[in-house]
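By convention in this document, chain letters (A, B, ...) are assigned in the order of the sequence lines, proteins followed by strands, and residues within each chain are numbered from 1.
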There are 2 protein chains.
Amino acid sequence: MALEDVEHCEDFCVHEDRIQRANEKMPDEDELYDIAELFKVFGDSTRIRILYVLFESELCVCDLAQTLNMNQSAISHQLKILKQAKLVTGRREGKSVFYSLADDHVRTIIDQGREHIEE
Amino acid sequence: MALEDVEHCEDFCVHEDRIQRANEKMPDEDELYDIAELFKVFGDSTRIRILYVLFESELCVCDLAQTLNMNQSAISHQLKILKQAKLVTGRREGKSVFYSLADDHVRTIIDQGREHIEE
DNA sequence: TCTATATATGAACAGATATTCATATGAAAA
DNA sequence: TTTTCATATGAATATCTGTTCATATATAGA
């Protein structure tokens with residue numbers, strides 16, 4: 001859609017100053033995309049459950065699958081997404097791979113979300 | 001899938017104590033679902049952009065559409081989702097409806113996400 | 001080496017989601 | 001009341017996403 005095609009309301013409603021100010025402080029496209037991508041990772045209850053389990057201690061894929069009562073493949077797929085988002089890290093120990101939380105933002109973000117809900 | 005059907009690894013890998021501890025602290029199904037639902041709302045760059053714009057000042061739907069260069073219907077649909085998640089509130093003034101951030105969790109959550117990315 | 005076990009991954013499919021289009025609703029002005 | 005403008009919403013569609021199934025890879029042990 002071309003910029004000039006965007007419909008807009010009459011003089012009363014358009015606040016040029018506010019629009020301009022908003023655009024100045026807006027992060028660039030790439031960053032907005034990255035932020036949304038990060039929250040997308042938190043936006044699935046299987047992944048939230050994995051993170052909650054890892055709050056307690058590191059676990060291998062098999063433990064995670066058993067705890068969450070899901071098959072190993074589904075867990076592996078989700079772990080891959082969590083790893084790409086740098087929310088978890090894996091460490092191989094023989095045949096097993098143990099996963100743990102990558103940093104403390106995970107906890108903070110989930111806690112904030114939980115706080116928002118409980119209002 | 002029945003519980004007994006879940007595949008699991010041999011003695012080495014299963015850590016019953018850890019699994020039990022993890023399950024004890026796990027929020028119940030409803031809450032896990034709600035948390036995921038909330039983050040799902042943050043997991044879309046259009047909605048993130050709307051929230052960033054509202055960081056600066058309240059705006060009517062038309063202003064939002066123009067600022068983000070999107071059509072009014074798309075913005076209205078997204079505002080509905082944001083409103084349901086109690087992230088924004090609307091106030092009618094004549095023909096226009098002005099939207100603003102519902103509370104400060106919005107800022108905190110997005111800031112935390114941004115922090116995590118910039119590492 | 002060959003076998004068994006733990007994890008990873010590609011393909012397929014079902015279900016969810018964002019945008020667009022058309023239209024309805026709500027409010028103000030004529 | 002009728003018209004006009006701002007917003008809301010249902011339906012349709014294209015795209016994306018999570019799970020499953022089958023299979024590949026990696027490691028340890030025989």
Side-chain angles (χ1 to χ4, degrees), chain A residues 1-2 5-15 32-33 36-50 58-85 88-99, chain B residues 1-2 5-15 32-33 36-50 58-85 88-99:
Chain A
M1 183 165 51
D5 292 342
V6 178
E7 71 236 79
H8 58 83
C9 47
E10 305 294 290
D11 43 25
F12 165 66
C13 182
V14 179
H15 303 80
L32 288 167
Y33 185 80
E37 284 305 301
L38 175 64
F39 286 118
K40 225 172 264 182
V41 176
F42 285 98
D44 174 83
S45 61
T46 295
R47 290 191 291 265
I48 291 285
R49 292 204 301 155
I50 291 175
E58 66 167 15
L59 283 174
C60 64
V61 178
C62 173
D63 278 351
L64 283 165
Q66 207 179 358
T67 307
L68 304 182
N69 194 27
M70 291 182 67
N71 77 46
Q72 173 268 317
S73 179
I75 297 293
S76 271
H77 278 298
Q78 298 306 338
L79 284 170
K80 185 175 188 178
I81 293 170
L82 289 165
K83 201 161 50 176
Q84 280 170 341
V88 306
T89 53
R91 131 187 113 70
R92 186 174 272 278
E93 187 177 311
K95 281 179 288 189
S96 299
V97 177
F98 287 83
Y99 282 89
Chain B
M1 184 165 50
D5 291 339
V6 178
E7 70 237 79
H8 59 81
C9 47
E10 305 293 288
D11 42 25
F12 166 65
C13 183
V14 179
H15 302 81
L32 287 167
Y33 185 81
E37 284 305 301
L38 175 64
F39 286 117
K40 223 171 267 182
V41 176
F42 285 98
D44 174 85
S45 61
T46 296
R47 289 190 292 264
I48 292 286
R49 292 206 299 157
I50 292 175
E58 66 168 16
L59 283 173
C60 65
V61 179
C62 173
D63 279 350
L64 282 165
Q66 207 179 357
T67 306
L68 304 183
N69 195 26
M70 291 181 66
N71 77 47
Q72 173 268 319
S73 179
I75 297 294
S76 270
H77 279 297
Q78 297 307 336
L79 283 170
K80 185 176 188 178
I81 293 170
L82 289 165
K83 200 161 51 177
Q84 280 171 340
V88 306
T89 53
R91 133 187 112 70
R92 186 174 272 278
E93 186 178 310
K95 282 181 285 187
S96 302
V97 178
F98 287 83
Y99 283 89

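The minimum heavy-atom distance linking A:G90 with A:K83 is given by the pair N-CD, 4.4 Å. What you find for A:V88 and A:L79 is that their closest heavy atoms are CG2-O, 4.2 Å. Smallest separation of non-hydrogen atoms from B:L32 and A:S45: O-CB, 4.1 Å. The nearest pair of heavy atoms linking B:K40 to A:G43 is CE-O, 2.9 Å. The nearest pair of heavy atoms linking B:L59 to B:D63 is CD2-OD2, 3.3 Å. Considering every non-hydrogen atom in both B:Y99 and B:V61, the closest pair reads CE1-CG2, 3.6 Å.
Straight-line distance from the CG atom of A:D44 to the C1' atom of C:dT17: 14 Å, rounded to whole Å. Rounded to an integer number of Å, the gap from CG of A:D63 to C1' of C:dT5 is 15 Å. As rounded to whole Å, 12 Å separates atom P of D:dG18 from atom CD1 of A:I48. In this structure, CG of B:L68 is placed 10 Å from P of C:dT19, rounded to the nearest angstrom. At whole-Å resolution of the value, CZ in A:F98 and P in C:dA8 are 12 Å apart. The CD-C1' distance, from A:Q66 to C:dT5, rounds to 15 Å in whole Å. Atom CG of A:L59 is separated from atom P of C:dT7 by 11 Å (rounded to the nearest Å). Taking atom NZ on B:K40 and atom P on D:dT17, their separation rounds to 12 Å, with Å as the unit.
Note: B:F39 and A:F39 have parallel aromatic rings, judged against thresholds of 30 and 60 degrees for the angle between ring planes.
For the pair A:E37 and A:A74, both in contact range of DNA chain D, the more 5′-proximal nearest nucleotide belongs to A:E37.
Contact annotation: A:S73 does not reach the phosphate of D:dT19 (side-chain N/O to OP1 or OP2, under 4.0 Å). For the pair B:Y99 and D:dA8, the criterion of a side-chain N or O lying under 4.0 Å from OP1 or OP2 is met.
A distance of 11.5 Å separates CD in A:Q66 from CD1 in A:I75, rounded to the nearest 0.5 Å.
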Tabulated below should be each protein N or O lying under 3.5 Å from an N or O of nucleotides 25-29 of chain D; please produce it.
none

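Within residues 77-85 of chain A, the residues that place at least one heavy atom under 4.0 Å from DNA chain C are, in residue-number order, A:H77, A:K80.
A donor and an acceptor atom sit less than 3.5 Å apart, one in the side chain of B:Q72 and one in the base of D:dA8.
Applying the side chain to side chain contact (heavy atoms under 4.5 Å, CB included) test to A:I81 and every residue at least two apart in sequence or in another chain returns A:V41, A:R47, A:Q78.
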